[in-house]
Amino acid sequence: MSDLTSPIALIGKRAQPNLWDAVAFALIIGLLAAVAHGAHGTVMSISAVEQSHISLSPWALPGYAMRTVMRMAAAMVASLVFTFTFAPLAAKSQRAGQILIPLLDILQSVPILGFLTFTVTAFMAMFPGSVLGVEFAAIFVIFTSQAWNMAFSFYQALTTIPRDLSEAATNFQLSPWQRFWRLEVPIGMPGLVWNAMMSMSGGWFFVVASEAITVGTHSFTLPGIGSYVATALDARDLGAVAWAILAMGLVILAYDQLLFRPLVAWADKFKFEQTASEATDDPWALKLVQRTRLMQAMLMPVEYALGYLARLRLGKPRAHTSVPLPRPLGIAFDVVWYSLIALGLGWCLWRMFSYMAMTLGPSDALEALKLGLFTFVRVIVLIALATIVWVPIGVWIGLRPALARRVQSLVQFVAAFPANLLFPIAVVLIVRFHGNADIWLSPLMILGTQWYILFNVIAGASVFPGDLREASANFGIKGWRWWRKVMLPGIFPYYVTGAITASGGSWNASILAEVANWGPTRLHAHGLGSYIADATLKGDYQRVVLGIAVMCGFVIATNRILWRPLYEYAGRRLRFD
């Protein structure tokens, strides 16, 4: 009880406000007013949204930007909830992981627009006659562009916890609840913060699709930067596109200064090292809160309450050695478990094949597989090129915390820049110089996803133990040997996380990148992405399902054959034990 009453006793001593309190409360009140203004549009009727149009006036952009910011923030909260439930279950339960990790591979490979097609009707049915159904559908689309990367990041952290820390938690008899909040979350926090930044930035790529929704004969255009960009592109108004880019830059800068920069500074205290790290200045937003008096006093009970909750002994402490089930009972449980998985998978495959067999035959499946190989080669080559370019740069940035904070907002803006705004430029250049669309449309697939590799490498290098760096310097390890023996093993789990997400995102982006157009000019590259895009345009849903199924098969096979073994190798060999 003393833990909870002590902050109350301190409030009277520290509650005298100062100038910093006035600045902080002014920022908070301004933010709440902007949120209230943006939330007012979510209580409109659905008919009002159908009849509304997007104004290309620059003065309309602040209101549109606030609506988009609220959608992305709501999607980020949902992604965090998903991450803190999905990743621990997959990492701690072998049987659950056998379903959840392949499921995550499938969800990552399903085109984002596919989620919109199948979920918008359900959300609209939940809120009949209200714009909330369309709003939740848009938030869900943004959620699907953020959640998988964050879940993979936290899963990687849980599967590569240093053995000595895990043994210490067991020796201290931490309960599962305490172990999660006092060991597992702190270990995964640095990588999770950087991946949250990347997920927020990557969500901008799909904002255009999420804010302009078509259901049958009905079209809904939600006010936002994405719908503003879509309208500007349809009107071929380059001035409006420039205003949208400026608004995006300001929003990204606000997110960076007010949220992510303080979070990165806060996550630095969770670094696993035994030597002093390079000193860096705290960001101004964090200093502002630290210099307040009244706000600090108001936050103190919350801080103590959260600390008290983290110390609760919910559940029994984990034993040093787990007692396995009796062999006959274990075999029977496995038989039932795998039988249920086989039945569920068989039922899904039967329904899918029955649907496609109505109009398709073996030749159609062979055609989709052949086109899938084209896209597969593109993805592998692009991931290799992105690795060669961004791993050295990411290590160089991550080992210099002060530099990492200075370039953080720049990297976020570059990562958040919607690559589809560059498609018209690519079309014009390819047509002007008579380029091969199969070759020169390929880089468009990696423009928005290469940053997953950079962000994860920066995160891995930023938490690399300083004592290992000093030891390698003392032993004179330099050059390629330093990369092979010291740095690459240290960042490898983070790189695998980024490469998996970049690979899945490239497959997803192929639907937009293998078919690019500007006005009447339309370029077409051979691949599975253009196959799905063409089938969607024609309304041939059997071929859409076939293309998505083949894409999921390629992604799952690549993850099972390449990325998962690398994950296991990182967890087994490349750990700071």
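Keep in mind it's a predicted model, so treat the numbers as computed, not measured.
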Contact check, side chains of [X] and [Y], non-hydrogen atoms, under 4.5 Å:
X      : Y      : answer
Ile187 : Leu183 : yes
Tyr495 : Leu488 : no
Trp390 : Val457 : no
Val251 : Met72  : no

Where [X] and [Y] come nearest, the two heavy atoms and their spacing:
X      : Y      : value
Gly394 : Ala461 : O-CB, 4.2 Å
Trp482 : Val395 : CH2-CG1, 4.3 Å
Val389 : Pro392 : O-CD, 3.6 Å
Asn456 : Gly498 : ND2-CA, 3.3 Å
Ile142 : Ala75  : CG2-CB, 3.7 Å
Thr68  : Gly224 : OG1-CA, 3.2 Å

Drop me the distance from [X]'s [atom1] to [Y]'s [atom2], to the nearest 0.5 angstrom.
X      : Y      : atom1 : atom2 : value
Thr558 : Ile500 : OG1   : CD1   : 10.5 Å
Leu192 : Thr497 : CG    : OG1   : 11.0 Å
Trp396 : Ile458 : CH2   : CD1   : 10.5 Å
Leu371 : Met551 : CG    : CE    : 10.5 Å
Ile139 : Gln146 : CD1   : CD    : 10.5 Å
Tyr531 : Ile548 : OH    : CD1   : 11.0 Å

**Report entry** side chain to side chain contact (heavy atoms under 4.5 Å, CB included) partners for Val381, two or more places apart
**Finding:**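 For Val381, the residues satisfying side chain to side chain contact (heavy atoms under 4.5 Å, CB included) (neighbours in sequence not counted) are Val377, Leu385.
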Requested in this report: For Phe180, enumerate each residue passing the side chain to side chain contact (heavy atoms under 4.5 Å, CB included) test, keeping only those at least two apart in sequence or located in another chain.
Outcome: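 Scan of Phe180 (side chain to side chain contact (heavy atoms under 4.5 Å, CB included), adjacent residues dropped) gives Phe84, Pro88, Lys92, Phe154, Glu184, Val185.
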Query raised in the report: Would the number of heavy atoms belonging to other residues, nucleotides or ligands and lying under 6.0 Å from CH2 of Trp440 be above 12?
Result: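 Count not over threshold, so no.
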Requested in this report: For Phe152 and Val496, run side chain to side chain contact (heavy atoms under 4.5 Å, CB included): C-alpha distance rounded to whole Å, both residues' side-chain angles, the deciding distance at 0.1 Å, then the answer.
Outcome: CA-CA 10 Å; Phe152 269 127; Val496 173; over 6 Å; no
**Report entry** With Phe143 via ring-ring contact (aromatic ring centres under 6.0 Å, His included) - residues at least two apart
**Finding:**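 Expected list: Phe82, Phe140, Trp148.
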**Report entry** Derivation and outcome, side chain to side chain contact (heavy atoms under 4.5 Å, CB included), residues Val379 and Phe554
**Finding:** CA-CA 11 Å; Val379 170; Phe554 270 102; over 6 Å; no
Requested in this report: Given side chain to side chain contact (heavy atoms under 4.5 Å, CB included), test Ile491 with Val391 step by step and report yes or no.
Outcome: CA-CA 9 Å; Ile491 66 170; Val391 167; 4.0 Å; yes
Query raised in the report: Between the side chain of Thr85 and the main-chain N/O of Val81, is any donor-acceptor distance below 3.5 Å?
Result: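 Judged by distance alone, yes, a pair lies under 3.5 Å.
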Query - Main-chain N/O of Ala91 paired with Thr159 side-chain donor or acceptor, under 3.5 Å - result: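 Not confirmed, Thr159 side chain does not pair with Ala91 backbone.
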Enumerate the salt bridge (charged side-chain N to carboxylate O under 4.0 Å, His left out) contacts for [range], please, sequence neighbours excluded, ordered by first and then second residue.
range            : answer
residues 186-196 : none
residues 71-87   : Arg71-Glu135, Arg71-Glu211
residues 370-379 : Arg378-Asp438, Arg378-Glu514

Report task. Please step through side chain to side chain contact (heavy atoms under 4.5 Å, CB included) for the pair Ser506 and Gln450, ending with a clear verdict. Result -> CA-CA 9 Å; Ser506 297; Gln450 60 185 330; over 6 Å; no
